[in-house]
Every structure is written in C-alpha cells, then in structure tokens.
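Below you'll find the structure, written out as structure tokens, and then a few comments.
Note on naming: letters A, B, ... go to the chains in the order of the sequence lines (proteins, then strands), and numbering restarts at 1 for each one.
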Amino acid sequence: MSQYKPSEIEPKWQAAWDKAGTFLAKRDAARPKYYVLEMFPYPSGRIHMGHVRNYTMGDVVARYKAAQGFSVLHPMGWDAFGMPAENAAMERGGHPKEWTYSNIAEMRKQMKPLGLSIDWSREFATCDPEYYGQQQAMFIDMMAAGLVYRKAAVVNWDPVDMTVLANEQVIDGKGWRSNAAVERRELTQWFFKISDYSGELLAALDGLTNWPDKVRLMQANWIGKSRGLQFAFTTTGAPDGFDRIEVYTTRPDTLLGASFAAISPDHPLAKHLERHDTKVAAFVAECRRGGTTAEALETAEKRGFDTGVRVLHPFDTSVELPVYIANFVLMEYGTGAIFGCPAHDARDFEFATKYGLPIPSVFVALDAEDAALTEVFSPMKSERVRYIRGFAGAEVQTGDEAVTAAIAFCESKGVGRGVTNYRLRDWGISRQRYWGCPIPVIHCASCGVVPEDKANLPVKLPDDVTFDIPGNPLDRHPTWRQCTCPKCGADARRETDTMDTFVDSSWYYARFTAPHASTPTVAEDAAYWMNVDQYIGGVEHAILHLLYSRFFARAMAKTGHLPVTAIEPFNALFTQGMVTHEIYMTRDDAGRPVYHFPEEVGNGTLTATGETVEVIPSAKMSKSKKNVVDPVSIVTTYGADTARWFVLSDSPPERDVEWTASGAEAAARHLGRVMRIATDIAGLTDNGPGQDDAGLRRALHKTIQDVTMGIESFGFNAAIARLYGFTNLLARSEAGTAAKQDAVRVLAQLMSPMTPHLAEEIWSMTGGVGLIATTPWPKADPALLIDDNVTLPIQINGKRRSEITVPKDMAIPDVEKLVLADDAVARALDGAVPRKLIVVPGRIVNVVV
RNA sequence: GCCCGCGUGGUGAAAUGGUAGACACAGGGGACUUAAAAUCCCCAGACCGGAAGGUCGUGCCGGUUCAAGUCCGGCCGCGGGCACCA
C-alpha cells in the first residue's frame with residue numbers, strides 16, 4: 001500500500017504541467033476567456049501565509065474555470081519600486097536594484113512549489129525598464145490629453161531627510177525615519193487629473209455589482225459628493241482686487257446664522273495680506289508649521305486672525321461680518337473660504353466662543369422645549385425644529401430638503417447658485433525618490449516644460465548612485481540631469497521627480513495581456529483578455545489602488561491604450577481576510593514582553609526551558625510578535641496541497657483564518673486518507689459488472705452540485721466541508737462497486753482546484769486519461785439530485801415533534817393523512833384539533849393548533 | 001462626530017424564511033497492538049432523565065409570519081472606513 005508522499009508527487013506533477021505548457025494563456029477565439037488576477041506582491045524577499053491564501057484562492061478559480069472550458073489568463077508579477085529598497089540600501093549598503101531583483105528571485109523560488117497554475121512566461125517587474133518605459137510613454141500621452149499638470153501643493157516635508165513624506169510616513173507630526181518635526185511646505189508637483197472623473201467614478205460604482213458593497217461604499221465616501229450653495233460676499237475695506245469672496249456651504253439653510261467669514265491661510269487674500277502685514281505673515285507661517293496629518297489636525301486648536309476686512313451679509317447688507325484667516329479652513333476644498341455659523345456647526349461654535357463672536361440661531365422655536373434647544377447650540381439635525389427664520393416664514397423641513405429649498409430660495413434672490421462638490425483631490429504623483437519610474441519630462445530654459453521624445457524612452461534610472469546622504473540621488477547625480485531639449489535642441493535638465501509607486505500598479509493588469517510588447521498594450525490582446533474577470537486581494541487596497549486603477553483605465557482608454565469597454569478594469573472583486581496566529585509571550589527580568597515563535601512552543605510551555613508562555617489571542621502574523629509560520633517550512637513538512645487545503649478550509653475566504661498546527665495536521669491527515677482510499681480502489685480490478693451503489697452515486701452527484709456552487713460563490717470552506725462529508729461516506733461505502741470506482745475519480749476532480757498534485761496522482765493511478773488539469777469539470781446529473789423518498793419534519797405550532805418519510809411527489813392530501821395518523825403527532829396534539837395543516841412539499845409540515 | 005459591517009457550542013464555523021450547530025479542531029470513550037505511533041469506530045449545545053422523551057437555546061428587548069439565526073424596529077457589545085471637507 002503506497003503512502004501519501006507530497007515531496008515526491010508535487011515536483012513530479014509541477015514538471016508535468018511545465019512540460020505540457022498547461023498554464024500558458026492563449027488567445028483562442030473559439031473559447032470564452034477568463035482572466036483571474038491576484039494583487040501582485042511587493043518583493044520583500046519572503047512569501048508569507050497571506051500570499052499563500054491569496055494565490056491559492058485565485059488558483060482555485062483559475063483551475064476551476066479552465067476545467068469549465070475557459071481560456072484562462074492567470075499571471076504573476078512584482079510591484080517592485082518603492083522605498084523599502086532604498087531604505088535597505090541606506091541601512092546596509094548595496095543597490096536597490098540588486099536588492100529588489102534578488103528578492104524577486106528568492107520569492108519566485110518560494111512560490112513555485114505551491115503549484116499555482118500561473119503563466120510564468122508573462123512575468124515582469126514594474127522596475128524593469130521595459131515596463132516603466134511604457135509607463136513613461138503613457139505619461140506623455142496623458143500629458144497630451146490634458147490629464148497631467150504641475151502645480152504648487154502643500155506637502156509633508158522632512159527637513160532632515162529632505163524629501164516629501166506620505167501622510168502614512170508621518171508619525172505624531174514627525175518623520176518616521178528622521179524623527180524631525182515635519183513641515184508643511186509648498187512644492188511644485190506633478191498631478192493626474194483624477195478629479196475630472198469624480199462624478200463618473202462615483203456613478204460607475206453602481207455598475208460594479210460583483211464588488212463588495214463595503215468597498216463601493218468606501219470609494220463613494222472617499223469621492224465625497226456634496227450638494228451646496230456657492231455665493232460671493234461683498235467686502236469692505238479689502239485690498240484692490242478682493243471686492244468679493246466666494247464661499248461654499250452645504251448648509252445654506254443656516255445662512256442667516258452667519259456670524260463671521262473665514263479664509264484659509266493659503267487663500268489668495270491671505271497671501272496678499274501676508275506680503276503687506278508682518279502680523280499676518282507671522283500668523284500664516286504659524287499655521288503652516290505642523291503636519292497635514294489627521295492626528296496633527298485633530299489636536300490642533302482653532303485659531304484665527306482678524307484681517308480687518310468686513311463682508312456684507314447677502315440678505316441684510318446692514319450686517320457686517322468680520323473676515324478671519326483661520327487655521328482650520330482648507331484651501332483644497334470648496335473655495336477655501338467659508339461663512340461661520342456657530343449656532344449650527346460645532347467647529348464654528350468653538351471658534352466663535354473663543355473669539356467672542358455672536359451666536360445667532362436661525363431656527364425659530366415652536367414651543368418651550370424647542371426654545372431650550374435653540375437657545376445656544378441647536379443640533380443640526382433636530383427633528384423638533386421646523387421653522388427657519390427669514391425664508392418667507394415658510395415651514396421648512398430639516399436635512400436635505402431644507403438644503404434644497406434653501407438653494408432654490410437663494411438662487412431666486414440672486415444669491416449664488418447650487419453647485420456639486422467632491423472631496424476627491426487630484427492625485428499628486430511626484431516623489432523625490434530614486435527607486436521609482438522617472439517622470440519623462442525635460443525643463444528647458446526657453447521652451448519650458450517639455451515631454452521627452454518617445455524615441456528616447458525609457459528614461460532609465462542611472463545605476464551609479466549613492467545613498468550615504470539624504471535627499472534625492474537623481475538631484476545630485478553629476479550627469480544624469482543633463483540633456484538636450486527635444487524641441488529646440490538646447491541644453492536642458494531632466495525632471496528628477498519619480499512617480500508614486502501606485503502609478504505602477506494602476507495598469508499592470510493591462511500589461512499582462514501583452515507583457516513583452518513594444519507598446520504599452522496591444523489592441524487585440526487587450527480586447528480579448530480585458531477586463532479582469534476576477535480580482536482578488538486585501539481590503540487594505542479598497543480605496544487607493546482600486547480607485548487609481550479605475551481612473552487609469554479611463555485615462556488609457558482616452559489615450560487609446562485600452563478599449564473603451566475596459567474603463568472598469570475589474571469585473572468582480574473579492575477581498576480576502578488575513579491569516580492570523582496566536583501570540584506566545586513570556587517576560588524578561590524587567591517585565592518586558594519577550595515573544596516566541598510557534599515552533600519554540602509546545603503544550604503551553606517553551607520547549608527549551610519548560611517555562612509557561614502567555615497565549616495572546618490570534619492576530620495578524622507579524623515578525624515583531626513572532627506569530628508567524630513560514631510557508632516554505634510548511635510546504636517542506638506537509639506539502640503544498642496541505643497548505644492550500646488548510647488555508648481554504650475552516651473560515652470563509654473574506655474572513656480571517658487562524659493558522660493552527662492541529663489544523664494543518666488535520667488537513668495533512670485528510671489528504672493521506674483520501675490517498676489511501678484511492679490506493680485501495682486502484683488495487684481492485686474486479687469490479688463486478690452491474691454492481692452499483694445507488695446511495696453513493698446520489699451522494700456523489702449532490703457533492704458535485706454543492707462543490708460547484710461553493711467554488712462559484714467563493715464558499716471554499718463550505719465546498720471543502722462537503723468534500724470531507726463525502727469522503728467519510730465513501731470510506732464507509734461497500735467495496736468493489738462501480739459507483740465507488742467512479743466516485744474516487746470524481747472526488748479527485750472536485751479536489752483538483754484546491755489540491756492539484758494529489759488530484760493528478762489519483763487521476764493517473766486510477767486510469768485517468770491525460771492531465772486532470774485539462775479534464776472537463778464533472779457535471780451533476782439533475783435526476784440524481786432528488787431522492788425518491790423525502791423525510792419531512794413535522795412541526796406542531798412551529799416546534800418539531802416528529803418526522804415522516806414519503807415518496808417525493810406524494811400528493812398533499814395524502815401527506816396530510818399520514819401526518820395526522822402519526823403516533824407522535826397524536827401524542828403531541830393530545831386531543832386538540834388542528835386548525836390548519838401547512839405542507840411545504842419536499843420541505844416541512846407544520847400543524848397549527 | 002459621520003458612514004458601514006458583524007454578534008450562533010470549549011474553538012473555527014454551516015444553515016434558498018422551513019429539522020439550528022453540517023464539516024473540522026480541541027475533548028471523552030472504544031477497537032487493533034506486548035506497548036506506542038498510525039489507523040478505524042462511537043459520543044459530544046445546555047439542563048432534567050436509566051431510557052423514551054421533555055424544557056431552554058443563534059448578544060438583549062419587541063414586532064411581522066403557520067414558521068425567524070435569517071425579515072422589520074429599538075438597545076448593548078465588537079470590528080472596519082472616513083474625519084477641521086464648511
């Protein structure tokens with residue numbers, strides 16, 4: 001009797017797939033296509049269990065769809081630019097390029113033994129010049145299409161490392177590396193005009209019905225559509241050219257509660273005053289200090305500076321309101337100026353209280369209780385408040401209806417107009433970093449900013465750079481910046497900013513359709529393979545990556561790099577949960593926590609010392625907590641199929657799954673059991689003709705049905721539970737029947753998306769023809785899905801009291817007779833007369849007393 | 001503060017409005033074995049009972065329904081997203 005030896009069969013079948021070219025994706029007009037994609041990894045150097053789970057899910061879908069007859073594209077690549085490579089270079093020397101490519105080689109080596117059905121011929125890294133050169137070509141096309149521009153923008157600036165920091169890299173107002181207080185600095189940066197698409201990106205979310213609602217909602221909130229009134233205050237005492245100040249408000253219904261106006265420190269009027277008044281300059285400079293992070297803003301005190309300028313209330317020009325420069329007003333949203341209504345806005349209330357400004361309420365109380373509410377601070381959404389002062393004494397609703405009514409009223413009086421605003425801002429892509437895609441632009445003294453000639457692409461990163469001093473190595477490179485202007489031929493200088501790495505990942509899915517082409521995409525390939533039919537990845541990318549990709553696909557369509565039918569690149573999205581593990585901790589003499597790897601712990605104690613460990617509930621695997629299991633050692637110990645089987649079982653794919661040693665053992669045990677059953681069958685040659693096992697055959701077809709549905713609906717855990725159940729039945733079933741013989745081979749087919757090596761082995765040893773990977777998916781026979789007899793539970797007033805077994809199509813009156821004749825029913829009724837019998841055919845019977 | 005999701009045995013979890021707890025882990029019992037490992041079989045929501053059977057049970061309170069884990073309303077708890085966005 002042969003044993004289950006994954007270390008022997010897994011390499012064998014991987015070699016067989018390789019040799020046959022089983023997973024090479026081919027354009028095939030005769031077959032429908034299916035494009036499965038998992039979010040590509042950052043080449044950190046080691047794969048982790050999260051990767052295993054992500055790619056296994058994608059692989060299940062890819063293999064299943066292939067068996068269904070689709071021409072499948074299932075590629076893999078590397079999101080290879082980014083700061084970790086530069087940090088590694090700074091910390092331990094070496095070059096980001098070497099670090100990155102050796103990490104890729106290492107991770108590919110770790111990934112291949114998983115037996116994923118990937119078309120490796122399409123592999124690329126975003127740091128390949130062949131890739132980023134095409135990205136540069138698209139950048140130039142996007143410039144021509146008006147989707148790219150430069151502007152001065154406020155950024156987080158680290159004065160020690162001399163670079164822009166992303167908000168995530170600012171911790172408590174300090175640079176994460178330098179620990180220096182981050183400044184808000186205005187720099188000229190490159191931007192993509194994603195805001196041109198705000199409305200469309202929002203509206204099109206409705207069509208993404210195969211995306212999680214959660215993700216669509218997060219994107220909708222991020223785009224942040226609001227409806228409001230924009231109008232101009234007339235000023236008095238303002239400098240020339242500032243006789244009007246435009247403001248935007250979503251609460252025009254509170255306009256009569258205006259008590260002041262406030263402008264951003266970055267507002268043109270503030271900038272003007274700054275030049276003529278040292279006190280203003282000092283205040284504005286003060287505002288610019290401190291980060292732009294949420295934390296920094298959260299704790300910041302509201303501060304204002306009275307400019308001396310006054311504005312007239314649009315409805316009552318006898319009322320003058322002071323104009324403040326206020327630190328909480330953002331230049332980036334609306335018009336960078338607001339009217340303050342302290343009675344109905346918490347922020348304005350705080351400000352008005354601090355500066356002793358009046359707090360007029362716009363609501364007229366209906367009764368004493370209303371009066372108490374409106375006296376000082378009316379809640380904005382109070383349902384109690386029904387009248388608004390000034391709007392013709394009309395009874396006005398609260399909330400959206402009030403806003404709509406107020407906009408209409410204001411427009412009728414010639415005060416402003418209703419406008420729609422979005423929170424989504426243009427995408428700042430400039431990074432003062434080396435390890436990224438160079439922005440292919442040239443600064444010429446006479447021609448200005450000029451795109452590089454496409455013939456000169458790729459604009460390659462220079463290799464001879466150093467990281468021993470802070471700042472951008474491209475800036476200080478002796479020769480790299482020097483070039484000639486493509487327009488006039490004069491000496492010019494290259495742009496030294498590189499692109500945000502999110503640009504790289506915004507179109508890689510399209511590149512996979514023609515990964516080695518000399519243009520970004522190839523029309524026929526893009527037309528055939530796009531869109532991605534199923535995209536799988538972590539929910540942490542719900543907003544940025546997925547929103548940028550949706551924008552980029554539109555930009556590519558506009559510049560002719562994608563068909564216009566591919567502006568929504570991902571037809572279906574699935575966001576999978578994390579792999580977690582318990583944390584094992586002891587304490588050192590000083591009481592500080594000391595963490596231990598799972599393999600150092602057994603039975604709640606440290607294997608080496610016998611010391612008892614504290615078990616902290618399961619959490620995301622992290623190196624610092626040492627609650628990690630290494631996929632490589634799992635594959636070595638148990639085999640890839642066991643790792644794959646286990647990460648799919650137990651928990652629904654969208655939820656976190658806890659890795660446990662006992663769970664992995666159980667998975668391995670089960671696969672061994674399946675192999676034993678198959679081996680027993682394979683040894684039998686004398687299946688008596690005509691022998692059958694109708695029960696087993698029915699169970700098999702129900703299993704086909706359930707597993708198929710399970711895979712289709714991402715219910716992998718439920719599909720696996722059905723496979724367990726069927727295996728239990730199979731193990732107990734009578735030996736030597738034709739049904740059992742068939743069942744083993746179909747079981748192998750049903751398991752093949754999850755445990756492909758085991759499935760191939762069983763297939764070949766039970767006489768299967770060809771590779772199971774290219775064998776059509778089994779079909780359930782509908783006739784076998786319904787039993788001849790059904791067991792109906794009998795409820796009395798909704799409580800289960802008995803059950804009867806009847807032929808599946810027995811007439812309802814006959815069922816009723818049997819129910820009333822049932823002993824247990826009679827006992828439970830105890831002489832009571834049923835008022836009604838509800839028979840749900842094939843389901844249940846309820847006797848109502 | 002605003003928006004969203006989720007609460008089921010000791011644990012991970014199943015369950016088109018129709019027998020709650022499938023499947024698995026951990027646990028208990030048994031077979032095989034000189035013994036162990038491996039394997040195989042059985043038990044297992046709680047409470048009462050020898051059993052048959054009964055009562056309770058899907059966070060809490062109420063509602064709709066012949067029937068609610070599932071639908072509706074209100075609470076409580078946990079988790080996630082956004083957040084000086086005017």
Side-chain angles (χ1 to χ4, degrees), chain A residues 3 212-222 224 226 228-229 247-252 254 262 264 294-302 326-330 332-341 344-348 350-351 380-381 421-425 539-540 542-543 580 618 646 649-652 654-658 660-667 669-670 672-673 676 706 709 715 717-728 731-732 791-803 824 827-828 834-840 842-849:
Chain A
Q3 282 177 300
D213 289 342
K214 181 175 61 173
V215 173
R216 292 197 286 172
L217 201 77
M218 280 162 71
Q219 292 216 354
N221 289 340
W222 186 263
S226 73
L229 179 78
V247 299
Y248 173 73
T249 176
T250 57
R251 294 298 310 282
T254 65
S264 164
E295 290 85 356
L297 296 170
E298 179 73 20
T299 49
E301 192 192 351
K302 305 229 171 338
N327 63 342
F328 65 91
V329 180
L330 305 172
E332 297 87 353
Y333 187 76
T335 61
I338 62 160
F339 83 85
C341 178
H344 307 289
D345 181 280
R347 226 178 10 200
D348 295 347
E350 189 188 332
F351 189 83
M380 288 164 61
K381 286 185 177 168
N421 242 315
Y422 297 92
R423 278 183 24 186
L424 183 66
R425 295 182 216 162
V539 74
E540 67 272 19
I543 298 173
T580 66
S618 213
F646 180 64
S649 59
D650 281 0
S651 287
E654 69 275 14
R655 237 180 277 179
D656 293 349
V657 64
E658 185 185 29
T660 60
S662 57
E665 291 279 357
R669 215 161 43 227
H670 178 72
R673 187 176 183 222
R676 269 194 305 282
D706 290 352
M709 296 302 290
N717 57 324
I720 283 179
R722 295 292 299 139
L723 289 167
Y724 266 110
F726 182 70
T727 306
N728 290 340
R732 281 179 226 132
T791 299
L792 299 178
I794 302 172
Q795 296 182 332
I796 292 173
N797 287 339
K799 284 191 196 303
R800 185 186 174 283
R801 293 300 178 196
S802 183
E803 62 180 35
R827 219 182 313 126
R835 279 194 294 128
K836 198 161 137 194
L837 254 70
I838 293 158
V839 177
V840 185
R843 277 271 173 210
I844 201 165
V845 179
N846 196 4
V847 181
V848 186
V849 183

Please list, for nucleotides 27-32 of chain B, all pairs of protein and nucleotide N/O atoms separated by less than 3.5 Å.
none

To the nearest angstrom, the CZ-C1' distance between A:Arg676 and B:C40 comes to 10 Å

What's the gap between B:A44 and B:C23 when it is taken at their C1' atoms, as a whole Å value? 15 Å

Of the candidates B:C3, B:C85, B:C66, the side chain of A:Val848 sits closest to B:C66

By salt bridge (charged side-chain N to carboxylate O under 4.0 Å, His left out), A:Arg673 pairs with (sequence neighbours left out) none

Residues at least two apart in sequence or cross-chain that pass side chain to side chain contact (heavy atoms under 4.5 Å, CB included) with A:Val840, listed by chain then number, are A:Ile838, A:Arg843, A:Ile844

| said: Regarding A:Glu658 and A:Ser618, do their side chains bring together a donor and an acceptor under 3.5 Å, going by distance alone? | reply: yes

Paired to B:U55 by Watson-Crick or G-U wobble criteria (both distances under 3.5 Å) is B:A46

Ranking B:A24, B:C3, B:A86 by distance to the side chain of A:Thr250, first place goes to B:A86

For A:Ser802, the side chain to side chain contact (heavy atoms under 4.5 Å, CB included) test, sequence neighbours excluded, returns A:Ile794, A:Asp822, A:Ala824, A:Val825

Margin query: Pair A:Phe351, A:Val329 - check side chain to side chain contact (heavy atoms under 4.5 Å, CB included), show working.
Written below: CA-CA 12 Å; A:Phe351 189 83; A:Val329 180; over 6 Å; no

Of B:U39, B:C66, B:C84, the nucleotide closest to the side chain of A:Arg669 is B:U39

Applying the 3.5 Å cut-off to both distances, the Watson-Crick or G-U partner of B:U39 turns out to be B:A31

A:Glu803 meets the salt bridge (charged side-chain N to carboxylate O under 4.0 Å, His left out) criterion, sequence neighbours left out, with A:Arg800

query: What is the nucleic acid contact for A:Arg722, judged by heavy atoms within less than 4.0 Å: base, sugar-phosphate only, or nothing?
result: nothing

Hey, does A:Tyr248 reach any base, or is it just sugar-phosphate, or nothing, if we go heavy atoms under 4.0 Å? base

Re B:U19: Watson-Crick or G-U wobble partner, both distances kept under 3.5 Å, found to be none

Please report the distance separating the C1' of B:C2 from the corresponding atom of B:C85, rounded so that it comes out in whole Å.
12 Å

To the nearest angstrom, the CZ-P distance between A:Arg216 and B:G5 comes to 12 Å

A:Phe339 meets the ring pair (Phe, Tyr, Trp, His ring centres under 6.0 Å) criterion, sequence neighbours left out, with none

Re B:U65: Watson-Crick or G-U wobble partner, both distances kept under 3.5 Å, found to be none

Across all chains, not counting sequence neighbours, the side-chain hydrogen bond (donor to acceptor under 3.5 Å, both in side chains) partners of A:Asp656 are none

Taking a pair to mean Watson-Crick or G-U wobble geometry with both distances below 3.5 Å, B:A24 pairs with B:U11

(Q) Check this one for me: any side-chain N or O of A:Tyr333 less than 4.0 Å away from OP1 or OP2 of B:A86? (A) yes

Between CG of A:Leu330 and C1' of B:A83 the distance, given in whole Å, is 11 Å

Rounded C1' spacing from B:G17 to B:U65 in Å
9 Å

Taking atom C1' in both B:G7 and B:A20, what distance in whole Å separates the two? 16 Å

Of all heavy-atom pairs linking A:Ser226 and A:Tyr248, the shortest is OG-OH, 2.7 Å

A:Asp348 CG to B:C85 C1', in whole Å, measures 13 Å

If we take the C1' atom in both B:G79 and B:A68, what is their distance in whole Å?
25 Å

note: A:Met218, atom CE; B:C2, atom C1'; distance rounded to Å ~ 15 Å

At a cut-off of 3.5 Å, list every protein nitrogen or oxygen paired with a nitrogen or oxygen from nucleotides 42-53 of chain B, distance to 0.1 Å.
none

Pairing partner of B:G5, by Watson-Crick or G-U wobble and under 3.5 Å for both distances, is B:C78

Rounded to whole Å, NZ of A:Lys799 lies from C1' of B:C56 at a distance of 9 Å

Applying ring pair (Phe, Tyr, Trp, His ring centres under 6.0 Å) to A:Tyr333 and not counting sequence neighbours gives none

Nearest heavy-atom approach of A:Gly798 to A:Asn846 is N-OD1, 3.1 Å

| Spacing of the C1' atoms in B:G59 and B:U70 (rounded, Å) | 16 Å

Note: for A:Ile338 and A:Ile543 on RNA chain B, the residue whose nearest nucleotide lies more 5' is A:Ile543

Original post:
On a whole-Å scale, what distance lies between the C1' atoms belonging to B:C72 and B:U19?
Top reply: 25 Å

Note to self: Would A:Ile338 and A:Asp348 count as a side chain to side chain contact (heavy atoms under 4.5 Å, CB included) here? Give the steps.
What the structure shows: CA-CA 10 Å; A:Ile338 62 160; A:Asp348 295 347; 4.0 Å; yes

Winner on side-chain proximity to A:Trp222, out of B:C40, B:C82, B:A86, is B:C82

Can you give me every donor-acceptor pair (side chain of residues 717-727 of chain A, partner residue at least two apart or in another chain, under 3.5 Å) with its distance?
unit_1	atom_1	unit_2	atom_2	d
A:Arg722	NE	A:Asp706	OD2	2.6
A:Arg722	NH2	A:Asp706	OD2	3.2
A:Tyr724	OH	A:Trp645	NE1	3.3
A:Thr727	OG1	A:Leu723	O	2.6

- Message: Pair A:Ile796, A:Val849 - check side chain to side chain contact (heavy atoms under 4.5 Å, CB included), show working.
- Response: CA-CA 7 Å; A:Ile796 292 173; A:Val849 183; 4.0 Å; yes

Ranking A:Gly334 and A:Ser662 by the position along RNA chain B of their nearest nucleotide, the one closer to 5' is A:Ser662

Just call it for A:Asn728: base, sugar-phosphate, or nothing, with non-hydrogen atoms closer than 4.0 Å on any strand.
sugar-phosphate

The nucleotide from B:A83, B:C41, B:C84 with an atom nearest the side chain of A:Arg423 is B:A83

| query | Between B:A36 and B:A31, how far is it from one C1' atom to the other, in whole Å? | reply | 15 Å

B:G62 glycosidic conformation (syn if within 90° of 0, otherwise anti) is anti

Across all chains, not counting sequence neighbours, the side-chain hydrogen bond (donor to acceptor under 3.5 Å, both in side chains) partners of A:Glu665 are A:Tyr638

Can you check nucleotides 9-19 of chain B for protein contacts, nitrogen or oxygen pairs under 3.5 Å, and list what you find?
unit_1	atom_1	unit_2	atom_2	d
B:G12	O2'	A:Ser651	OG	2.8
B:A14	OP1	A:Asn717	ND2	3.0
B:U16	O4	A:Arg843	NE	2.7
B:U16	O4	A:Arg843	NH2	3.1
B:U19	O2	A:Arg800	NE	2.8

Separation of B:C84 atom P from A:Arg347 atom CZ, nearest Å, is 10 Å

